Amino acid sequence: MSKISAPKGTRDILPSETAAWQYAERVFADVCGRFGYQEIRIPTFEQTELFQRGVGDTTDVVQKEMYTFEDKGGRSMTLRPEGTAGVVRSYLENGMASWPSPVRLFYNITAFRYEKMQKGRYREFHQFGCEAFGSAGPVVDAEMVSLLDLFFRELGLKETSLRINSIGCPTCRAEYNQKLKEYLKPHLDKLCDTCQTRYDKNPLRIIDCKEPGCRPYVQEAPALLDNLCPDCQAHFNGFCNNLDELGLKYTIDKGIVRGLDYYTRTVFEFVSEHVGTQGTICGGGRYDGLVAEMGGQPTPGIGFALGVERLLMELQQQQATMPDPAGITVYIAALGSGAAAEARRWTLRLRTLGVRAETDLLQRSLKAQLKYAGKLGVRYTVVIGEDEIKTGKIKLKDMRQHCEQEMSFEQAEQLLIEGDE
RNA sequence: GUGGGAUUAGCUCAGUUGGUUAGAGUGCCAGAUUGUGGCUCUGGAGGUCGUGGGUUCGAUUCCCAUAUCCCACCCCA
């Protein structure tokens, strides 16, 4: 019998970590709420075609990283490799175009990509994300960045840098692709295999190639940012101005080309130096063509996705202060079997009153019970025995102050309710 | 998909130049006055040495394969 282990690329998030997760989730939902974003929950799997059309057939994600399977009805399904495509599908399916514009949504999802494991890269991973539909101007681009900036600040995350770029619209990109192909043509035979195919299908992606052989040509290549059409140039300038107005620092990185096909114009990344080479904590951008591509009316949109594992790794690296996991406030030790029933009754009463309380479940000796209470790190202990039941008086022991105080059950309840807040 | 390192107790790791019952620390359980935790002492449970083959009288150790983890390339969050 072989041991069953968690599938490759997945991991358990144990109680020692979940406090940090809950904290990050809470802060994210809270900050999103302040910006007018409402939570959406979408299916874990979708029809495969959604991602092929939405994310793009030429992307690595779709070509080789999707968890695709056939369901019992013979339909091709895929575990979502990201969130945007599903949100756009939901936007159309639920007629959100008729909602007050802009429609602003946030999500907290797991996503799945069949990739080789590495630090900060899992096959099942978690993303926070936001999508805003219906606003074409650069103001919403900058607002979204300011949301992320505030979120990071509230978590105490420092030392992440914002990098921005524009990858234009279909018009300027078509022109640029011509220019790029002309430039690359003489060197085509020296480029790597993947770039050879990119040359025909999606030349822009060659810019993103890190193959040593391609590097020199890539660095000399004309940048898309320098070849924007007037509209895209104006949008990018407006984005920069809005960031400046909000006091947000950024660096322009002409090399940012997002790996998902739907992006247009604004693209941005928040990068950290600490999470190995998987330094991109958050990536996002504008996708003005996606809604139409999916069969809706042309609708501008912008969004980002944030890798929660990477975020938490970074917070740990920076030793950001996280809230302690909420422990048990009081342990009720029982002495003797008659008292044990009374201890259990009173424990339930305390819990009903909102106090975090525990009592013995293993019929252990008094000493063992208190040892256990010590390991739990409880603030108070109470021993209930025949005497206490008879007199109605208990000694509430403060484990930190090393002192105890005699009082009635009611007085103890009052004190514990206050102490548990 | 390519390359490097690792895998021995729940956890962190020793160790065996191939040889009887494989070790430590920590954690877990119990005991040291059947009414009081943290310190100390004592005892106990817990490992087919990742899995499958091969070489050998004998493999946890050597060889091969495979799985998983870590790291880099690549890609992305």
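Below, chain A is the first sequence line, B the second, and so on; all start at residue 1. Source: prediction; values computed, not measured.
- If you take atom C1' in B:U51 and the same atom in B:A67, they sit 7 Å apart, rounded to whole Å.
- Here A:R34 pairs with A:E154 in a salt bridge; the nearest charged N to carboxylate O distance falls below 4.0 Å.
- Spacing between B:G54 and B:G58 at atom P, rounded to whole Å, works out to 12 Å.
- Of all nucleotides present, only B:C28 satisfies the Watson-Crick or G-U wobble test against B:G44, with each distance under 3.5 Å.
- Taking the P atoms as reference points, B:G31 lies 39 Å from B:U7, given to the whole Å.
- Contact annotation for A:K116: base contact, defined as any heavy-atom pair under 4.0 Å involving a base atom.
- Rounded to a whole Å, the CD1 atom of A:I109 is 14 Å from the C1' atom of B:C76.
- Phosphate proximity of B:A72 to A:Q118: present, with a side-chain N or O under 4.0 Å from OP1 or OP2.
- Counted within 6.0 Å of NZ on A:K64, heavy atoms from surrounding residues, nucleotides or ligands total 12 or fewer; the atom is thus considered open.
- Rounded to whole angstrom, the span from the CG atom of A:L366 across to the P atom of B:G38 amounts to 12 Å.
- A cation-pi arrangement, defined by a distance under 6.0 Å to the six-membered ring centre and an angle within 45 degrees of its axis, is present between A:K181 and A:Y199.
- For B:G3, the paired nucleotide is B:C71, the pair qualifying as Watson-Crick or G-U wobble because both relevant distances are below 3.5 Å.
- Rounded to a whole angstrom, the distance from the P atom of B:C69 to that of B:A32 is 46 Å.
- Between B:G52 and B:U60, the two P atoms lie 11 Å apart (nearest whole Å).
- For A:K367 and B:U33, the shortest distance from a side-chain N or O to OP1 or OP2 is not below 4.0 Å.
- Remark: A:Y114 OH is loosely packed, at most 12 non-hydrogen atoms of other residues, nucleotides or ligands lying under 6.0 Å away.
- A:Y331 has its OH atom 16 Å from the C1' atom of B:G38, to the nearest Å.
- In this structure, the nucleotide among B:G35, B:C76, B:G37 sitting nearest to the side chain of A:K371 is B:G37.
- Looking at heavy-atom distances under 4.0 Å, A:F112 makes no contact with the nucleic acid at all.
- Once the 5.5 Å centre distance and the 30° plane angle are applied, the aromatic ring of A:F125 is found stacked with the base of B:A77.
- Comparing the P positions of B:G50 and B:G10 gives a spacing of 13 Å, expressed to the nearest Å.
- Rounded to whole angstrom, the span from the CE atom of A:M117 across to the P atom of B:U68 amounts to 10 Å.
- The base-pairing partner of B:C13, taking Watson-Crick or G-U wobble contacts with both distances under 3.5 Å, is B:G23.
- The residue A:G377 sits apart from the nucleic acid: no heavy atom pair falls under 4.0 Å.
- Nucleotides of RNA chain B nearest to A:V308 and A:Y114 differ in position, and the one nearer the 5' end is that of A:Y114.
- Between the C1' atom of B:C76 and the CG atom of A:L306 lies a distance of 13 Å, rounded to the nearest Å.
- When the side-chain nitrogen and oxygen atoms of A:K375 are compared with OP1 and OP2 of B:C29, one or more of them lie within a distance under 4.0 Å.
- Nucleotide B:G52 forms a pair with B:C64, judged by Watson-Crick or G-U wobble geometry with both contacts under 3.5 Å.
- Side-chain atoms of A:Q127 and A:Y107 include no donor-acceptor pair closer than 3.5 Å.
- Relative to the side chain of A:K8, the nucleotides B:G31, B:C69, B:A77 differ in distance, and B:C69 lies closest.
- Between the CD1 atom of A:I281 and the C1' atom of B:C76 there is a distance of 13 Å, rounded to whole Å.
- Heavy atoms of A:A305 sit under 4.0 angstrom from primed sugar atoms or phosphate atoms, though from no base atom.
- Dashed line: the shortest gap from a side-chain N or O of A:K119 to OP1 or OP2 of B:C71 is under 4.0 Å.
- Counting to the nearest Å, the C1' atom of B:C76 and the CZ atom of A:R80 are 17 Å from each other.
- Distance from the side chain of A:R121 is smallest to B:C73 among B:C73, B:G38, B:G35.
- Comment: A:E143 engages A:R104 in a salt bridge, judged by a side-chain N to carboxylate O separation of less than 4.0 angstrom.
- Residues of residues 36-67 of chain A having a heavy atom closer than 4.0 Å to RNA chain B, listed by number: A:D60, A:E65.
- Taking a cutoff of 4.0 Å between a charged side-chain nitrogen and a carboxylate oxygen, A:E358 and A:R351 do not qualify as a salt bridge.
- At most 12 heavy atoms of other shown residues, nucleotides or ligands fall within 6.0 angstrom of atom CD in A:Q38.
- Atom CD of A:Q401 and atom P of B:U36 are 22 Å apart (whole Å).
- With both ends at atom C1', the span from B:C62 to B:U2 equals 28 Å, rounded to whole Å.
- Salt-bridge formation is not detected for the pair A:D360/A:R344: no Lys NZ or Arg NE/NH1/NH2 atom is positioned less than 4.0 Å from an Asp or Glu carboxylate oxygen.
- Counting any heavy atom pair closer than 4.0 Å across all strands shown, A:R364 reaches sugar-phosphate atoms only and no base atom.
- Every residue two or more places apart in sequence or in another chain was checked for a side-chain hydrogen bond (donor to acceptor under 3.5 Å, both in side chains) with A:E115, and none qualifies.
- When the C1' atom is used for both B:G27 and B:U34, the distance is 27 Å, rounded to whole Å.
- When each of A:E388 and A:Q127 is assigned the nucleotide of RNA chain B bearing its nearest heavy atom, the one mapping closer to the 5' terminus is A:E388.
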